[in-house]
There are 2 protein chains.
Amino acid sequence: MQLDERKYLILQAIIDDYIMTAMPVGSRTISRKSGVGYSPATIRNEMSDLEELGYLDQPHTSAGRVPSNKAYRLYVDHLMKTVKLTSDERERMHEHLLSKSKQVEGVIRSAAGVLSDATKYTSVIVAPKLGTLRIKHVQLVPVAERTALMVIVTNAGIVKDAIIRVPEGMDADDLYAISRMLTQKLADKPLEAVRQAFSELLRNAEYNRRLLGETLSVIEQRLESGPDASDVIVGGPGNMLEYPEYSDVNKARSFLAVLESKDTLRRLVNRDGGMEITIRIGPENQVPELNDCSIVTASYRVGDHSNGTLGIIGPTRMNYNRVISVLDFMGRALSDVLSEYR
Amino acid sequence: MQLDERKYLILQAIIDDYIMTAMPVGSRTISRKSGVGYSPATIRNEMSDLEELGYLDQPHTSAGRVPSNKAYRLYVDHLMKTVKLTSDERERMHEHLLSKSKQVEGVIRSAAGVLSDATKYTSVIVAPKLGTLRIKHVQLVPVAERTALMVIVTNAGIVKDAIIRVPEGMDADDLYAISRMLTQKLADKPLEAVRQAFSELLRNAEYNRRLLGETLSVIEQRLESGPDASDVIVGGPGNMLEYPEYSDVNKARSFLAVLESKDTLRRLVNRDGGMEITIRIGPENQVPELNDCSIVTASYRVGDHSNGTLGIIGPTRMNYNRVISVLDFMGRALSDVLSEYR
DNA sequence: CGTTAGCACTCGACTCCTTTGAGTGCTAAC
DNA sequence: GTTAGCACTCAAAGGAGTCGAGTGCTAACG
């Protein structure tokens, strides 16, 4: 059996309706819709076919039909017609984004806010992979005897810091000099190339080996541990509770638990391909707790080689259309705003 | 009518039981408890008195009694006997706290995690008021033509950054020189004294007035806006859903909404007095959404003059005892760990 | 006189039953 | 091929009955 024109039409109508209402859709409802000129009985026959083909599920015999994950896949791949955001809306989002543009973290944070507000779902933004960022500046700041704070400013203005031990007897001026030297040697190198640059420095006996060694190991630790909690920002975690899918507290709880585990979240949202928009529906995202969630992600650019990810987590029956438009727009906007800092 | 010994005993027994079960407590339950040698009938009489005095509420005639907010107040003020944490537990918490001690924000973040894990409630940690922190280091890092990132390292290693515009034609070396000068002039001054220090600098015509003006205004903006989102860290937001008080999704939602508004949260948790532990029960915290929550806060010290706050939000029937022990311990631990950075 | 046993009463929680209505599948007629 | 008609299904909503934890009151007890 194949999908003909009419089956597409009906499936689309069902999905559209279900996305709005979250209630099983009956044949009468579809029949009444404008653009569908068939009686409920005909619709029923088609629905029966669609169910057999795996596009519809029936919660129980006397309920309407519900789109299956297969149906959503078909929908996002072929059926969906993308709608543009109104320029008014773009305006508002852009403005909101700029309101905190004085601080870099603020921009990302408000981006998460804008995303979750605009979609009413939960948003996740992941900072670019640390290793791909380029170093702008390295500064060792004395904070106590034998202790210094190492501050690394990367392009995109993302600041990383870590405490390091320094050898006895180094004063602020020594650290200042070393900072300056490090900045010169490392500037514009991606973080992952740091080890190499360091080994070169270490061959040069003129610098303090112990301090450099410590510094290097701290940077490497940071690199290995990957993006940490502060690099995964969640917006509107509570939005999800608005939907009947999560009217059960237990479901809500396990959903929130996933959001708290930044590690899982990062893995979930980080995307394989360099595609514009990635959509993962239900079980496709491999996390049992999120079996009836879909995750839509896009990426934003920082500098020439670094990509961060922004994504929306919502129920599988989410408004893909709108989510995609919003993500697409915000991806560009975020790239723009962050590029200004370069 | 006055509270005699027996009434205290019974009230305490009721509160203890209700804290554990969240179910209205009946006279039989209390009578069976060890330490109370009275029959249910006697207990009932006393309960009736306690209700009249406003210490107990009755959800409906045929249910048991529930402690009122007034009862909790009495409990925390007079009835409660504090229990010590086991040294094993202290050990574990301290260890967990140190695991991320390489990064300052990491410490605060894991502190929030430890707090919420140890208490099973929601934790909030607020960084010290910006103005009271002392400047350790100021660095202007060029990020683009006419744009620089200003990084301010304060004591306690807390790093603040902001984008500023710089006049045309300044290169990295110029910024380096200015950074060095600024660091020298501002070091160890609290942030709130910066305006004064700047006006002195500005009188000196030798420095670039426009740049200094811009820098000052950015710092002032930061100061005025108060601690921002990244300075309010929430741990275990989902923990609250474990309790029957929040088995209603709507309540859960409005609770989560409060957690999202970092501003309200900060106001809520920031304490008036310099008291060791502050407890606000139910309506005492002035936020309608949190009418049946209690907030317990303690403070941690950063440097000599700055105080941050750590707090627990839980249902009014929370285990005050344990919460207080945990907060007390963590307050000290946090002060210790952060003081090491000085 | 304080304490307690006894008893009637209350009321939410639970179970069981019925009704309702939205929806289906099938068949026969158009 | 499409549709009207009809019997059938089943969750949801409403109502009656039962249960049981708990109360308040009264009278008796030490």
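Just so you know, these numbers use all the heavy atoms, side chains as well, and skip hydrogens, waters and symmetry mates. Only a predicted model underlies this, so the values are computations on that prediction, with no experimental measurement involved. In what follows, chains carry the letters A, B, and so on, assigned in the order in which the sequence lines appear, proteins first and then strands, with residues in each chain numbered from 1.
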NZ/NE/NH1/NH2 to OD/OE distance under 4.0 Å, Arg317(B) and Asp292(B):
no
Once you round it to whole Å, what is the distance between P of dC25(D) and CD1 of Ile43(B)?
18 Å
Can Tyr55(A) and Asn69(A) be counted as having a side-chain donor-acceptor contact under 3.5 angstrom?
no
Could you list all N or O pairs between the protein and nucleotides 14-20 of chain C that sit under 3.5 Å apart?
none

Run the salt-bridge test on Arg267(A) and Asp263(A) with the 4.0 Å N-O cut-off and return the result as yes or no.
no
Nearest-Å distance, CZ (Arg28(A)) to C1' (dG21(C))?
11 Å
DNA chain C stem ranges, 3 or more consecutive Watson-Crick or G-U pairs under 3.5 angstrom
C:1-30 with D:1-30
Presence of salt bridge, Lys120(A) and Glu242(A), under 4.0 angstrom
no
Any donor-acceptor pair under 3.5 Å linking the side-chain atoms of Ser68(B) with those of Asp57(B)?
no
Looking only at side-chain N and O atoms, does Arg65(B) come under 4.0 Å of OP1 or OP2 in dG24(D)?
yes
To the nearest angstrom, the CE-C1' distance between Met47(A) and dT24(C) comes to 10 Å
Is Arg6(A) salt-bridged to Glu46(A), going by a charged N under 4.0 Å from an acidic O?
yes
Basic-acidic side-chain contact under 4.0 Å: Glu51(A), Arg65(A):
yes
When rounded to whole Å, the CD to C1' distance for the pair Gln58(B) and dT10(C) reads 10 Å
d(CG, Asp49(B); C1', dG2(C)) in whole Å:
13 Å
In this structure, which one of Asp117(B), Asp88(B), Val326(B) forms a side-chain contact (heavy atoms from CB on, under 4.5 Å) with Met93(B)?
Val326(B)
Side chain to side chain, Met240(B) and Pro315(B), heavy atoms closer than 4.5 Å:
yes
Check: Ile14(B) main-chain N/O paired with Asp17(B) side-chain donor or acceptor under 3.5 Å
no
Base-contact (B) and sugar-phosphate-only (S) positions in nucleotides 2-17 of chain D, heavy-atom cut-off under 4.0 Å, - elsewhere
SBBB---BBS------
Rounded to the Å, how far apart are Leu56(A) CG and dG23(C) C1'?
14 Å
Flag, side chain of Lys70(A) to backbone of Leu53(A), donor-acceptor distance under 3.5 Å:
yes
Round to the nearest Å and state the distance from Glu51(B) atom CD to dG24(D) atom C1'.
11 Å
Could you tell me the separation between the CE atom of Met23(B) and the P atom of dG22(D), rounded to a whole number of Å?
8 Å
